[in-house]
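Everything on this sheet refers to the single structure shown next.
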Amino acid sequence: MRYEIRVKGHMSETLAKAFPELDHVVMSGHTVLFGPVVDEAHLYGLLARCQSLGLVVVEMRQLPQ
Amino acid sequence: MTRRSVVVNAVAGIDRPGTGTTIPCVDPLGDPFLRTRIALPARPATFLRRERLVTRLDRALRTPLTMVNGSAGAGKTLLVADWAAGLGRPVAWLSTESADQGPGVFWAYVLHAVRAGGADLPAEVGCPVDARRVDHTLLARLAAELNTAEQSVVLVLDQYDRVSAPEIADQLEFVLRHAGRGLRLVLVTRNEPLLPLHRYRADGEMTEIRDAELAFTPEEAALLLDLHGLSLPLDATRALVDRTHGWAAGLRLCALAAQESPDPETYLKEFEAGRSTVADYLLAEVLKQRTPQTQDLLLRVSVLQRFCPELANALTERDDAESILVELHRENAFVEDLGHAWYRLHPLFGEILRAHLRVRSPGLEQELHRRAAGWLRGSGHLQETLAHGAAAGDWEFTAGALVDDLAIGQLFTSLCSDDLAELFSRMAPEASGAATHLVRAARDLCRCDLDRGLVHLRHAEEALDSAGGTGGDATARLSWALLEAMVARLSGSPDRAKNAAEAAERLRYEVPAHLLDKHPELTALLLTHLGSTLLWAGRFDAASGALSTVVGGARGASTALARQESLGHLAMIDYLHGWLGRAERKAMAALAESERFGLPRPSGSGVERLVLAGVAVDRNELTRARALLDEAADPGPVLRDPVSVAGRALVTSRLLLARGDPRAALAAVAADLGTEVVSPWAESQSAMVAAAAHLAEGRPQSAAEVLRRVPDGQPACAVEAARAQLAAGNHEAAITLLDRLRTDGRAGPAVTVRGLLLRAQAADGAADGAAVHRLVGQALTDARRERLRRPFLESGPWIRGVLGTPALQKLAAGWLTPARPRRGGPAGAEPPPEPLVVEALSGRETDVLRRLAQMMSTEEIAADLHVSVNTVKTHLKSVYRKLAVNRRNDAVRRARELHLL
């Protein structure tokens, strides 16, 4: 499955490195992280990573294959 | 009920150095960092106390549950720490860590924190020794203690979001419910815990502080900035609060970043207008403003959970950490003070700094772990040494640290054995050296993989020999001796075990004494393996000697498994000699040991349950015997050694014999286990079962033949041989065999009573009525105490008439035959009733038992009967004793069997 996670604010390149498995793009006050998510454990792990980096998750959705 | 309020300076009470040594349940992991986890974090000078939140938190003293719930960097921890410090009473504080995965570790720390927080928990509460689980009775004891304590305990669990095991939430809920007013739980967490919060909310039993309340108001933000020497117009502050949503970490970083700027107001305006992610941007800004040395230090320590200046110096290879850390803490920038000169990075900033480290110095992380491991090893911090050594991928070092600390026994018996096993499971296959081979061998033996264990053990030996006896390898050689003894046990090789034990004895003098004191489990396990091997070889005296040393030795969580096993084996020796009562008491003591320390089920070889099953068979309590055998088999013993395998086969076949299925009994007899030496008792017991099966199917000659092949018949064997002779009509041969039995004083009632009955049978055949009465009377007297029923049931039809005579009827009534003999004579043809309770239950005890059967908790029973929890516990204890059980479920089951309910 593929997901996209939209977080508030423009993330620095350095911080984006904390998500090496995902691509990212910065747009209109948000940063969109997107890419393959192995399973649910991975998904929740990504959310926890956002939380521990102080990121505000605005939206998260599964992408069509 | 009102509670006395003890006014003690909480911080002073907890921070007192050496507190750890006075607490009975010492740190189960031997982790010297513990005190930094149970100490209240210090508040920095720039901390802003917000009265509205403190007042709100004061409600925590009136509700069972309080939840401070907010995002990373919302200022939760410091808020609660500040409140707790100002409370004027002790507070139990625990910073949970993701490293404590299992409930066992979690509760061990909670118990420690509660004790350090001033609660006087008696040692009977116990302490979990298995990382994966905690015994429910331990939680019940804890709750009951808290419930009856004079002063309620305020327990703060900081970073509760790191607790991932869902069962911990259930367990907390259980303790919280049953501790009544004795426990006030404060959870500081980023996520909602899995407790039934809705119920607490609906009952008004919960105090909540959430992100919205934690957010700074513009007025508070102004005060905070003022503390940092910044004064802004209110609308500028308001804009800042809007941009950061009043997020404490954001405001703090703003203040720090702006402080360094020549024009703070403009700087902050620019920040407000920006669209960067707040923490990310601000942290980079604040970091940029530090000196290169400070930046370097912050990035490097981000790989550590906590650090002191010396450790930080080891990572930076400079010597300026102390001043930098003091300064950073004073400024409230990134660093939190844990007391005792230990610090940690604020979790949020630590994460971001680690991301920066990876970008700035790729590949440095591993080297930093290596340096940290080196420093920690030198300072005696084993657990963290291992963690960092593993993170660095330096397995030779990591295994060496474990072996040098003489901690290899912890792979078998400790709270962290799972964590250790997990850690070393990542070990690279190419790692070499004596220590790595020893660790591999230990892991194989843990899984009873004898073949692979042997290979690794031999590699270890070769590595030790090729290194030459430099003297520095004594710990490795002692570790080798432990594993060698375990190999000896699994392969049934007494010579090997003795050699290992002798080697260990010599090495003890070469190993630093403090290491031996620190790891009593090593010696205890080694002696247990020795005792088990000697028992297998039939050297009962020598086995008893080794096993009794373990039982009489140091008592604690680390030796609990060895003590349980040793007691189980001593019980086995008594059982094999026919002493049922003694065997039962020791087996019960073994189970009590495992319960007291919350050992996992199953632990060890489970021999004590087999003994209890064997005793039950001899008492003709066949349902109970079956249940015990099933219990011992589910989910299978951890350690399958020859003693337990043969013991299981023996008891199973005896049970089948008692149930009248000789063919199945024969099939259940142990096959050759492929051990180094043949066990004389296992062999003779198998022969006895075979003989009994032959007899049952009317082949006395075959029975006698089977027994003749057993060398040096043991007393029990001699009795069975006599039975075969008697059945074949050779009375004289039988009596000669029985006469020889007299000379052996070691045989217990299970043997002697059978002997007496055979003599009686012979006398019956000779029509010597007086002798029959005398012998059966003697047999009844000896058997009665032990409730030994099987021999009478095995005796054949002649005994029915004998037991029917008035004098003997009295001796048999109540335990062997029904108290009021029914018409048609006493039992014998039909199985006698299940055992009667030796001591009748009192009315109150029955009341308690009845409520127990309704699944009521101790507290509920107390409330229902209008008595104290302690009174209920006293009743329960005597109920358990009278029913010869040690658990609630068993008590209820047994009471049902006995129709007491």
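Labels below follow one simple rule: chain letters A, B, ... track the order of the sequence lines, proteins then strands, and each chain is numbered from 1.
- At a heavy-atom separation below 4.5 angstrom, chain B is approached by A:Lys8, A:Gly9, A:His10, A:Met11 within residues 1-11 of chain A.
- Heavy atoms of A:Leu53 lying under 4.5 Å from chain B belong to its backbone as well as its side chain.
- Both the backbone and the side chain of B:Ala355 come within less than 4.5 Å of a heavy atom of chain A.
- Contacts between residues 27-42 of chain A and chain B, counted as heavy-atom pairs separated by less than 4.5 Å, involve A:Ser28, A:Gly29.
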Side chain to side chain donor-acceptor pair (under 3.5 Å) for B:Asp161 and A:Gln51? Distances and angles first, verdict last.
CA-CA 11 Å; B:Asp161 45 277; A:Gln51 191 183 33; over 6 Å; no

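- A side-chain contact (heavy atoms from CB on, under 4.5 Å) with A:Thr14 holds for exactly one of B:Arg358, B:His356, B:Arg360; it is B:His356.
- The shortest distance between side-chain heavy atoms of B:His245 and A:Val56 does not fall below 4.5 Å.
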